[in-house]
Structures are given as C-alpha cells and as structure tokens.
A.B. asks: 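Below you'll find the structure I mean.
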Protein chains: 2
Amino acid sequence: MSVTDFEQRRKEILGLIIEAYVLSASPVGSELVSKKLRSSLSSATIRNIMVELEKSGYLEQPHTSAGRVPTDRGYRFYVDAVMDTAHLSPDELRQIEVLIQPPELDVEQLLQRASGVLAGLTEQAAFAVSPTVKQRTVKQIELMPLGVRKILCVLVANEEMIASHVVEIEEPMSRDEAAALGRFLNTELAGLAFSELLNSLERRMLAESDSFYHLVKRSLGILQHALSSEPNDRLYLEGASYVVAQPEFSRHPRKAHELLKGLDNEQTLLERIRQDIAPEGVQVRIGREVQLPGLEECSYLTAPCAIGEEIVGGLGVLGPKRMSYRRMRALVEGMARCVTNLLTQWDTR
Amino acid sequence: MSVTDFEQRRKEILGLIIEAYVLSASPVGSELVSKKLRSSLSSATIRNIMVELEKSGYLEQPHTSAGRVPTDRGYRFYVDAVMDTAHLSPDELRQIEVLIQPPELDVEQLLQRASGVLAGLTEQAAFAVSPTVKQRTVKQIELMPLGVRKILCVLVANEEMIASHVVEIEEPMSRDEAAALGRFLNTELAGLAFSELLNSLERRMLAESDSFYHLVKRSLGILQHALSSEPNDRLYLEGASYVVAQPEFSRHPRKAHELLKGLDNEQTLLERIRQDIAPEGVQVRIGREVQLPGLEECSYLTAPCAIGEEIVGGLGVLGPKRMSYRRMRALVEGMARCVTNLLTQWDTR
DNA sequence: AATTAGCACTCATCAATATAGAGTGCTAAC
DNA sequence: GTTAGCACTCTATATTGATGAGTGCTAATT
C-alpha cells in the first residue's frame with residue numbers, strides 16, 4: 001500500500017468520525033467507524049489509526065475509554081482537505097430567491113429576510129451585514145433645508161441604497177442655495193466613491209481658489225458630517241435560539257450564557273465578520289480561530305454579497321464547532337449567490 | 001385588631017415573601033418571613049397567614065413541605081396594591097441622559113443606546129420600539145427622481161424622523177414635474193397626520209374634478225407605496241443573555257430555548273408591545289398576561305416616549321416573572337423620561 | 001509488515017438506596 | 001388570636017454497585 005493510499009485512508013476515517021460526531025454529539029468509537037467504513041477493517045485497526053490521528057492533533061479523547069472527538073485542528077483539516085464541496089441545485093436557488101425577495105427594492109429588508117431564511121434552513125444562527133453606502137460610488141446627492149440651521153443630506157448610491165442624514169450647519173441656507181449646491185455636487189462628484197469624496201473636495205480646496213471656493217467649503221462641512229456616522233451599518237442576526245438548543249450549550253448553561261453575551265455585542269461581531277468577507281468566496285473560522293469573546297466553542301462561515309463585481313456586504317452562519325461544514329458551506333454560498341443575483345438585477349433594471 | 005390592619009398585615013407578608021423570592025429564587029418558608037417581619041410573629045402564625053394567602057390564590061407550594069412561591073395573581077396584587085413606587089433621583093436621570101445621548105440627532109441611535117443602557121442597568125432584556133413616521137404629522141414631503149421610473153419619496157415628520165422610500169412609477173417623471181408635485185403636496189398636506197394623508201387625498205379625488213386632479217392622482221399612487229412599508233419599524237432588543245442566565249432558564253434549557261425562540265420573533269413582539277404603550281405611564285404584564293408564545297414565564301414593563309405631548313414610541317424591560325418590579329418600574333420610567341426629554345429638546349431646538 | 005482476535009482494564013452513566021434537613025399542618029396550650 | 005411542639009412529607013444530596021462502551025496491549029494470523 002502506497003503512502004498516498006495511507007494518507008487517503010486516514011482522511012476517510014477522519015471524515016467518518018467527524019460526520020458521525022456532528023450527528024450524534026457524542027464521542028465516536030472504533031467499532032462504529034469500522035462498520036461505516038467501505039473497505040472493511042476491524043475495529044482494532046481503526047483504533048491504531050485513531051491513535052495516529054490523535055498524535056497528529058486531529059482527534060482527542062474526553063477521557064480514557066471514551067471514543068474520539070475532533071479537535072479544532074481536526075475540523076480545520078477536514079474543511080480544507082477532506083470534505084468535498086456541495087452546491088445547491090438551480091431549483092433550490094430559485095426557491096430561496098423567492099423566499100427572500102422583499103416586497104420593495106430595499107437592501108435592508110432583503111438582508112433581513114436572507115438572514116432569517118438562512119437561519120431557518122441551516123438551523124443555526126445566521127447573520128447578514130448591511131453594506132455601507134461609503135463603499136459605493138456616488139450616483140446622486142441631494143440637499144434639502146429643514147428649518148433654519150439643519151439640512152437633510154441624501155446620499156444615493158443606487159436605487160436601493162440610500163442614506164440620509166440631518167446635518168446642523170452654522171449659517172442658514174435657503175432652498176435655492178441648497179439646490180444650487182446640490183447641482184454643483186452632482187456635476188462635480190458623480191462617479192466618485194463615497195470614500196474618496198472628502199479627499200477629492202479637500203484637494204480642490206487647497207489647489208484652486210476659484211469661484212467655487214465657497215461652494216466647496218460648504219459642501220465639505222456638510223458631507224463630512226453626513227459620512228461620519230452610518231446608522232445603517234448594522235448586523236442582522238437571527239436564530240440564536242437554534243444554537244443554544246444544541247447540546248453543547250443546553251447542557252452547560254454557563255456556556256450558553258457566554259455565547260449569548262458574545263452575540264449581544266453587535267459592533268464587535270460586525271467588525272470581525274467584515275474582516276472575513278473576501279472576494280474568494282466562503283470563508284470558515286473554527287473554534288479558537290473565531291477570536292470573539294464568548295464564541296470560542298463556535299465556528300462561522302461567511303460569504304460576500306456583491307452588486308455586479310463590487311462587494312457590498314456579506315452573510316453567513318454561526319453555530320457550534322460541531323456543525324455540518326459541508327452543508328453549511330453550500331447553503332451560505334447559495335444564499336450569497338441569491339442575494340448577489342437580486343441586488344445585481346435591481347441595479348441594472 | 002381591625003379588618004384593615006388584618007389586610008395590611010397580609011399585604012406586608014406577601015410583600016416580604018415576594019421580595020425574598022425575587023432575591024433567592026427558591027421557595028420562601030415561614031421561618032424566614034417571621035425573622036424579617038417587623039412586628040414579631042412566630043413562624044406558626046405566619047404559616048396560618050400563608051395558608052390564607054394560598055387560598056386567595058396569591059401563593060402556591062411547589063410541593064408539600066416546601067416554602068411558598070408567588071403566583072401570577074400574587075405578583076399582580078403585589079404590583080397593584082402592595083409595593084410602593086420608587087423614582088430615580090434627578091442625579092441618576094442626568095447620568096442616564098449622558099449615557100444615551102448619541103453623537104448625532106438620530107432617533108434610531110438614541111433608542112438603540114437607550115435599550116442597551118437599560119439592559120445593563122436592569123440586568124434584564126431591554127427593548128425600545130422605534131416610532132413610525134406614520135404616527136406623526138407631515139412637516140415636509142420631497143420627491144426626487146432616480147432614473148426613469150423610480151422616485152425617491154422623503155417623508156419628514158421632524159428633524160430627527162425621516163423616512164425615505166423608493167417608489168416605482170408607471171409614467172416617467174421629470175425633475176421639474178417632481179418639484180412641482182412636491183410643492184403641491186407641501187402646500188396641501190402639511191400639518192396632516194401621515195395616517196390621514198391617504199384618506200385626505202382620496203376624498204379630494206372623489207369630490208373635485210379640478211385642475212389638480214392629475215397631481216392628486218399621481219401623489220396618491222406614490223404615497224400609497226411610500227407609506228405601505230416602514231422598514232424603520234423596528235424593535236431594538238438587548239440583554240437576552242441576562243434573562244437566560246437566570247436560574248428559571250439556565251436550569252431548564254428547554255425553557256431557555258423557547259424563550260429565545262419567542263424573542264426571535266421581532267414582529268410579534270413589536271405588535272404586542274405597541275399595544276401596551278399607553279399615555280398612563282408604566283404598564284406591567286405578568287406571566288400569562290404576556291400572551292406571547294414562549295414568554296409565559298416572563299413579565300415585562302413598558303413606558304411611552306413622547307415628543308412634547310405626542311407619544312411616538314416606547315421602551316421597556318423583559319425578564320422572568322421573578323423580578324424586582326419596584327426597581328424595574330423606576331428604571332423604565334426614568335429611562336422613558338430621559339428619552340422623552342432628549343427628543344423634546346431636539347424638536348424645539 | 002500489516003491486520004486482527006482476544007482480553008484485561010478504565011471510566012462514565014444510571015439506577016437503587018440511604019440520609020439529612022427544610023418546611024409543613026395540626027393539636028393543644030397559652 | 002397566638003404559639004410551642006411534634007409527627008410527617010418530600011426534596012436534595014451523597015453513596016454504592018452494576019453495566020457497558022471503548023480502549024490499549026499482546027499474541028496470533030495473513
């Protein structure tokens with residue numbers, strides 16, 4: 001038997017152990033593996049291999065004379081090198097699209113639905129992070145005076161992504177002035193990324209001392225405020241109850257409590273998840289890799305959502321380390337694809 | 001000893017039992033009550049009174065030879081007729097105002113902070129319902145074409161409450177047309193409640209066949225859409241982990257799971273809570289009165305938040321039935337007062 | 001050299017049992 | 001109307017022993 005065959009067999013057995021453990025939530029013994037294995041090997045042989053897998057750090061024993069349980073490293077190896085990739089069928093994708101389609105063209109509603117449906121499908125906690133208008137390019141900017149010293153600044157990235165902010169200003173501004181300023185901004189700034197807006201205006205202020213100086217200065221003040229806060233920067237999270245119901249947590253109330261405390265921390269979660277949203281597709285974080293307080297016993301998967309080529313947000317699933325990574329990956333990928341499809345459709349309509 | 005003295009003593013004992021139970025979470029025996037009672041009565045006498053209180057339905061025994069535990073009815077009586085009212089000191093109120101003040105004039109952010117701070121102070125789950133623009137009166141309406149067949153409709157109730165919706169329309173509309181329509185709407189509809197808007201327009205359509213007919217018709221179509229969905233209609237909920245950590249739930253994982261499932265149901269919760277927000281002030285719902293699936297073992301308190309005299313939202317606290325209603329009422333009332341203060345300040349600034 | 005049967009050993013789990021003590025209701029005395 | 005005293009009930013906790021799943025090791029087998 002060649003070395004690679006050897007390796008292959010170890011992988012297969014690790015896979016079987018993990019899959020059995022995912023279902024049963026209790027340590028897996030050599031007998032069971034022996035039965036499930038295609039090539040018939042006795043439990044004794046399996047035991048020998050299990051010892052090797054334990055030495056490699058993929059498995060561990062809760063105590064002498066219990067079966068084996070995967071370690072973080074075991075799961076990681078399984079995800080990277082053992083499990084095969086599944087995809088949802090076109091039919092399932094269509095069904096999901098129907099489920100998440102909101103009655104209106106509204107990104108927030110879409111994401112809320114997506115996280116809800118994803119939680120239901122996976123029976124885990126599911127999340128979606130709303131894209132910030134900042135990441136997108138300017139389509140239109142409108143200014144509208146409210147009262148004397150307040151101005152409503154509406155930033156339009158595209159039809160579905162709109163941010164409006166009330167900005168307090170020093171000098172009063174009339175309706176006509178606002179309209180003029182709006183026209184100025186729209187001709188000068190359309191097509192820029194919102195993130196470059198301020199830089200661009202600042203550069204102009206330094207360079208030219210032209211007739212627009214006053215306009216530029218006022219715009220800068222207003223846009224600085226409007227872009228500084230983004231209340232829509234939100235994490236939709238649903239289905240925490242599924243996770244707490246898992247034996248890992250329901251048997252250890254303290255852990256459940258810590259998990260929920262961790263999930264209450266919307267901002268921390270959001271930042272961490274944002275980091276993982278990458279164009280490469282589905283990302284997996286396992287156990288201690290999660291690096292979020294209270295979520296050491298959890299794993300999560302993320303996938304990016306895009307409008308066309310531009311990544312504008314993401315979604316994913318969070319559950320106990322003991323989850324079916326194969327199925328979760330398929331579902332997260334499928335859901336992200338559906339959201340991306342819908343957003344892109346909306347955008348080009 | 002007169003009848004009212006008699007009644008008074010029963011109340012005092014019920015109060016002691018409830019307060020002890022709130023702290024200890026375990027059935028309260030006659031010995032303990034006897035010790036805590038000011039007028040010294042032996043445990044035997046207390047037992048007799050406890051039997052009466054049990055007959056009245058205020059107490060029950062988990063089993064023979066355990067102490068007593070309050071029933072829903074017992075809590076209700078305690079809240080209505082036994083406990084005294086506490087209020088936060090002006091100093092505490094000021095501290096809270098500082099804590100919840102957001103960096104910007106934004107109702108949503110204010111409510112989010114309020115629910116977070118309230119959860120921290122009460123160590124229970126706390127919630128806040130965002131006011132819908134529908135409940136307020138029209139200050140300004142702006143229409144802004146986006147692309148060919150879409151129009152952005154901005155509804156301004158006051159500086160801090162703004163709702164914007166993208167509406168798809170049949171016939172294209174130019175910038176000028178939109179501006180004209182906007183002017184029409186602002187002159188005709190300002191001061192009306194948003195909820196009356198549609199009715200008012202419909203009446204006009206039937207009555208007059210005047211030169212404005214076309215304008216009215218178009219407005220109606222747009223506003224119908226814009227008002228039909230209210231994505232800001234949201235419930236902020238924080239601190240569920242506190243509740244799950246209470247022995248009522250941490251000792252019974254199934255109950256904890258059901259609680260969390262109940263809390264996941266944002267819409268149902270929101271509707272139920274809205275019903276309870278009354279101008280009279282703090283409302284209390286206890287146990288089965290809650291009438292929300294999965295929350296039979298909980299109680300909640302709500303208080304209205306207003307801008308001036310007009311109630312625009314509310315907030316409250318949710319926890320196990322075994323909570324310090326006295327302290328919760330003070331905190332909920334105080335927090336509502338702070339939010340009301342801030343909103344009213346903003347509005348009149 | 002790899003595999004396997006056989007076996008002694010370990011340890012968690014579960015049910016059965018005993019024990020302690022908290023709290024009751026009742027009765028009779030104050 | 002109040003209270004001391006007491007028998008009684010029932011939970012909570014600890015103890016014990018039996019069960020069995022699963023292991024590691026050794027020696028036999030292929």
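Everything numeric in this text was worked out from a predicted model, so none of it was measured. So you know, we letter chains A, B, ... as the sequences are listed, proteins then strands, and number each from 1. In what follows, every heavy atom counts, from backbone to side chain, and hydrogens, waters and symmetry copies are set aside.
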A.B. asks: Under 4.0 Å between a side-chain N/O of B:T64 and OP1 or OP2 of D:dC10, yes or no?
C.D. replies: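 The answer is yes; a side-chain N or O of B:T64 sits under 4.0 Å from OP1 or OP2.
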A.B. asks: To the nearest Å, give me how far apart CZ (A:R68) and P (D:dA21) are.
C.D. replies: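 Atom-to-atom, A:R68 to D:dA21, this comes out as 18 Å.
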A.B. asks: Has A:R9 got a side-chain N or O lying under 4.0 Å from the OP1 or OP2 atom of C:dA2?
C.D. replies: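 For A:R9, the contact criterion (side-chain N or O under 4.0 Å from OP1 or OP2 of C:dA2) is not met.
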A.B. asks: Under the ring pair (Phe, Tyr, Trp, His ring centres under 6.0 Å) rule, collect the residues that match up with B:Y75, sequence neighbours excluded.
C.D. replies: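 With neighbours one apart ignored, the set is B:Y325.
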A.B. asks: Within the 4.0 Å heavy-atom criterion, would you say B:E31 contacts the bases, only the backbone, or no part of the nucleic acid?
C.D. replies: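 The residue B:E31 makes no contact with any strand.
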A.B. asks: Whole angstroms only, please: what is the CG-P distance between B:N48 and C:dG23?
C.D. replies: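 Rounded to whole Å, this separation is 17 Å.
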A.B. asks: Looking only at heavy atoms, what is the nearest atom pair of B:C298 and B:F249, with distance?
C.D. replies: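 The pair with the smallest heavy-atom distance is SG-CZ, 3.8 Å.
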A.B. asks: Rounded to the Å, how far apart are A:I13 CD1 and C:dT3 P?
C.D. replies: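 Distance, rounded to whole Å: 10 Å.
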A.B. asks: If you count every heavy atom of other residues, nucleotides or ligands that lies below 6.0 Å from B:K11 atom NZ, does the total exceed 12?
C.D. replies: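 For B:K11, atom NZ is crowded (more than 12 foreign heavy atoms under 6.0 Å).
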A.B. asks: Residues in salt bridge (Lys or Arg N to Asp or Glu O under 4.0 Å) with B:E19, at least two apart?
C.D. replies: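 In terms of salt bridge (Lys or Arg N to Asp or Glu O under 4.0 Å), with neighbours along the sequence ignored, B:E19 is linked to no residue.
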A.B. asks: If the threshold is 4.0 Å, N to carboxylate O, is there a salt bridge linking A:E248 and A:K255?
C.D. replies: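 Not counted as a salt bridge, because no side-chain N and carboxylate O are separated by less than 4.0 Å.
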A.B. asks: Between the protein and nucleotides 4-8 of chain D, list the N/O to N/O atom pairs that are separated by less than 3.5 angstrom.
C.D. replies:
residue, atom, partner, partner atom, Å
D:dG5, O6, B:R47, NH2, 3.4

A.B. asks: Provide a list of protein-nucleic acid N or O atom pairs under 3.5 angstrom, restricted to nucleotides 28-30 of chain C.
C.D. replies:
none

A.B. asks: Could you list all the ring-ring contact (aromatic ring centres under 6.0 Å, His included) pairs where at least one residue sits in residues 33-64 of chain B, not counting sequence neighbours?
C.D. replies: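 Counting only pairs at least two positions apart or across chains, the ring-ring contact (aromatic ring centres under 6.0 Å, His included) contacts touching residues 33-64 of chain B are B:Y58-B:F77.
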A.B. asks: Any sub-3.5 Å donor-acceptor pair from B:T71's side-chain atoms to B:G57's backbone N or O?
C.D. replies: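 Here the side-chain-to-backbone pair exists.
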A.B. asks: Quick check on contacts: within residues 52-60 of chain A, what sits under 4.0 Å from DNA chain C by heavy-atom distance?
C.D. replies: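 None - not one residue of the stretch has a heavy atom sitting under 4.0 Å from the strand.
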A.B. asks: Indicate whether OP1 or OP2 belonging to D:dA12 is found under 4.0 Å from a side-chain N or O atom of B:R251.
C.D. replies: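 False: B:R251 side-chain N/O out of range (4.0 Å or more) of D:dA12 OP1/OP2.
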A.B. asks: Just how far, in rounded Å, is P of D:dT3 from CG of B:L37?
C.D. replies: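 Atom-to-atom, B:L37 to D:dT3, this comes out as 10 Å.
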A.B. asks: Round to a whole Å and report the spacing from CE of A:M50 to P of D:dG22.
C.D. replies: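 So the two atoms are 9 Å apart, to the nearest Å.
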A.B. asks: Is there side-chain contact between B:I18 and B:R322, with heavy atoms separated by less than 4.5 Å?
C.D. replies: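 Not touching, per the 4.5 Å side-chain cut-off.
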A.B. asks: Take the protein atom CG of A:L41 and the nucleotide atom P of D:dT29, then report the distance between them rounded to whole Å.
C.D. replies: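 Answer to the nearest Å: 20 Å.
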A.B. asks: Using a 4.5 Å cut-off on heavy atoms from C-beta on, say whether the side chain of B:L315 contacts that of B:M335.
C.D. replies: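 Answer yes - side chains close enough.
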A.B. asks: Under 3.5 Å, side chain of B:T45 to main-chain N/O of B:L41, donor-acceptor pair present?
C.D. replies: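 Not a single qualifying donor-acceptor pair exists.
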A.B. asks: Would you mind reading off the distance between A:H63 atom NE2 and D:dA21 atom P, rounded to a whole angstrom?
C.D. replies: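 Rounded to the whole Å, the gap is 14 Å.
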A.B. asks: Starting at atom CD of A:Q61, determine the distance to atom P of C:dT10, rounded to an integer number of angstrom.
C.D. replies: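 Atom-to-atom, A:Q61 to C:dT10, this comes out as 14 Å.
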A.B. asks: Of the options A:E296, A:R76, A:K321, which is the one that meets A:E289 in a side-chain contact (heavy atoms from CB on, under 4.5 Å)?
C.D. replies: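 By the side-chain contact (heavy atoms from CB on, under 4.5 Å) criterion, A:E289 pairs with just one of A:E296, A:R76, A:K321: A:R76.
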A.B. asks: Regarding A:R10 and A:E52, does a basic nitrogen lie under 4.0 Å from an acidic carboxylate oxygen?
C.D. replies: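 Salt bridge flag = yes for A:E52 with A:R10.
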